[in-house]
K.L.:
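I have a structure here, written as structure tokens, and I will follow up with some questions on it.
To find a chain, count down the sequence lines: A is the first, B the second, and so on, and within it residues start at 1. Just the heavy atoms: all of them, side chains too, but no hydrogens, waters or symmetry mates, feed the values below.
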Amino acid sequence: MSGPHDDVLSIGELSRRTRASVRSIRHYEQSGLLDAARTSTGHRRFTADDVETVRRIRLLLDGGLSLAVIAKVLPCFADEGATLDACVAEYLRDHLHTVQERIAHLDRQRESITRLQQLVSA
DNA sequence: CTTCTTACA
DNA sequence: TGTAAGGA
């Protein structure tokens with residue numbers, strides 16, 4: 001028997017289990033974050049471990065990390081669970097810095113816009 | 001109906 | 001990422 005409870009999943013099943021779109025999953029594989037086997041007809045076959053991996057990817061993506069960085073950070077996850085290894089600290093620190101710079105930039109733009117609005121003749 | 005690739009918005 | 005196209 002085979003069904004949605006086996007450890008071999010189609011891209012559609014992986015998508016439903018992770019809430020990640022089929023399109024995104026194909027993209028993660030292209031980016032080297034996922035390693036999918038292929039059937040004789042070329043269809044991707046995933047495993048139960050991939051469900052966890054996709055969830056981790058989404059977790060990192062929520063933090064704004066790029067897929068390129070996520071590829072390097074993924075192996076920093078302690079097996080099972082969502083605990084991160086210390087090797088991620090460096091990437092997290094760098095990313096937080098760039099995010100803060102973007103916030104500062106946007107802050108300056110906001111102030112500029114406010115000043116420009118003062119020049120608008122009612 | 002599901003998946004695949006390529007390509008464009 | 002979404003979606004369209006054209007097949008398998």
K.L.:
Evaluate the side-chain proximity of A:Arg44 to A:Arg38: yes if any heavy-atom separation is below 4.5 Å, no if none is.
P.N.:
yes
K.L.:
Before you tell me yes or no, could you show the steps for A:Phe77 and A:Asp85 under side chain to side chain contact (heavy atoms under 4.5 Å, CB included), namely the whole-Å CA-CA distance, both residues' side-chain angles and the distance that decides it to 0.1 Å?
P.N.:
CA-CA 5 Å; A:Phe77 271 85; A:Asp85 221 350; over 6 Å; no
K.L.:
Could you state the CG-P distance from A:Leu9 to B:dT3, rounded to the nearest angstrom?
P.N.:
11 Å
K.L.:
Hey, does A:Arg45 reach any base, or is it just sugar-phosphate, or nothing, if we go heavy atoms under 4.0 Å?
P.N.:
nothing
K.L.:
From CD of A:Glu13 over to P of B:dT3, roughly how many Å is that when rounded to an integer?
P.N.:
8 Å
K.L.:
How would you label the contact of A:Ser21 with the nucleic acid (heavy atoms, under 4.0 Å): base, sugar-phosphate, or nothing?
P.N.:
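Here A:Ser21 touches the backbone only, sparing every base.
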K.L.:
With respect to the phosphate group of B:dT3, does any side-chain polar atom (N or O) of A:Ser10 fall under 4.0 Å of OP1 or OP2?
P.N.:
yes
K.L.:
Considering heavy-atom distances to DNA chain C, does A:Leu67 or A:His43 have its closest nucleotide positioned more toward the 5' end?
P.N.:
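Here A:Leu67 is the residue nearer the 5' end.
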K.L.:
Determine whether more than 12 heavy atoms belonging to other residues, nucleotides or ligands lie under 6.0 Å from atom CG of A:Asp94.
P.N.:
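Yes - once you tally the heavy atoms of other residues, nucleotides and ligands closer than 6.0 Å, there are more than 12.
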K.L.:
Rounded to whole Å, please give me the gap between CZ in A:Arg26 and C1' in B:dA7.
P.N.:
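From A:Arg26 CZ to B:dA7 C1': 14 Å.
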K.L.:
State, with a plain yes or no, whether a side-chain heavy atom of A:Leu106 is found less than 4.5 Å away from one of A:Arg110.
P.N.:
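A side-chain contact under 4.5 Å is absent here.
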K.L.:
Specify the residue among A:Gly12 and A:Gln30 whose closest nucleotide of DNA chain B lies further upstream toward the 5′ end.
P.N.:
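Closest to the 5' end, via its nearest nucleotide, is A:Gly12.
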K.L.:
Quickly, which of A:Leu92, A:Val73, A:Val69, A:Val88 forms a side chain to side chain contact (heavy atoms under 4.5 Å, CB included) with A:Leu60? Name it, please.
P.N.:
A:Val73
K.L.:
What is the distance, to the nearest angstrom, from the CD1 atom on A:Ile11 to the C1' atom on B:dT3?
P.N.:
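Rounded to whole Å, this separation is 8 Å.
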K.L.:
Taking any strand in view, what nucleotide pairs with B:dC1 in a Watson-Crick or G-U wobble way, both distances under 3.5 Å?
P.N.:
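In the structure as shown, B:dC1 has no Watson-Crick or wobble partner.
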K.L.:
Phosphate oxygens OP1/OP2 of B:dT3: is one of them under 4.0 Å from a side-chain N or O of A:Arg44?
P.N.:
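No, outside the criterion.
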K.L.:
Applying a 4.0 Å non-hydrogen cut-off, can you work out what A:Arg58 is touching in the nucleic acid: base, sugar-phosphate, or nothing?
P.N.:
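Sugar-phosphate contact only - A:Arg58 comes under 4.0 Å of backbone atoms but never of a base.
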K.L.:
Starting at atom CZ of A:Arg23, determine the distance to atom P of B:dT6, rounded to an integer number of angstrom.
P.N.:
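Going from A:Arg23 (CZ) to B:dT6 (P), I get 12 Å.
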K.L.:
What is the distance, to the nearest angstrom, from the NE2 atom on A:His27 to the C1' atom on C:dG2?
P.N.:
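Distance check: A:His27 NE2 to C:dG2 C1' gives 13 Å.
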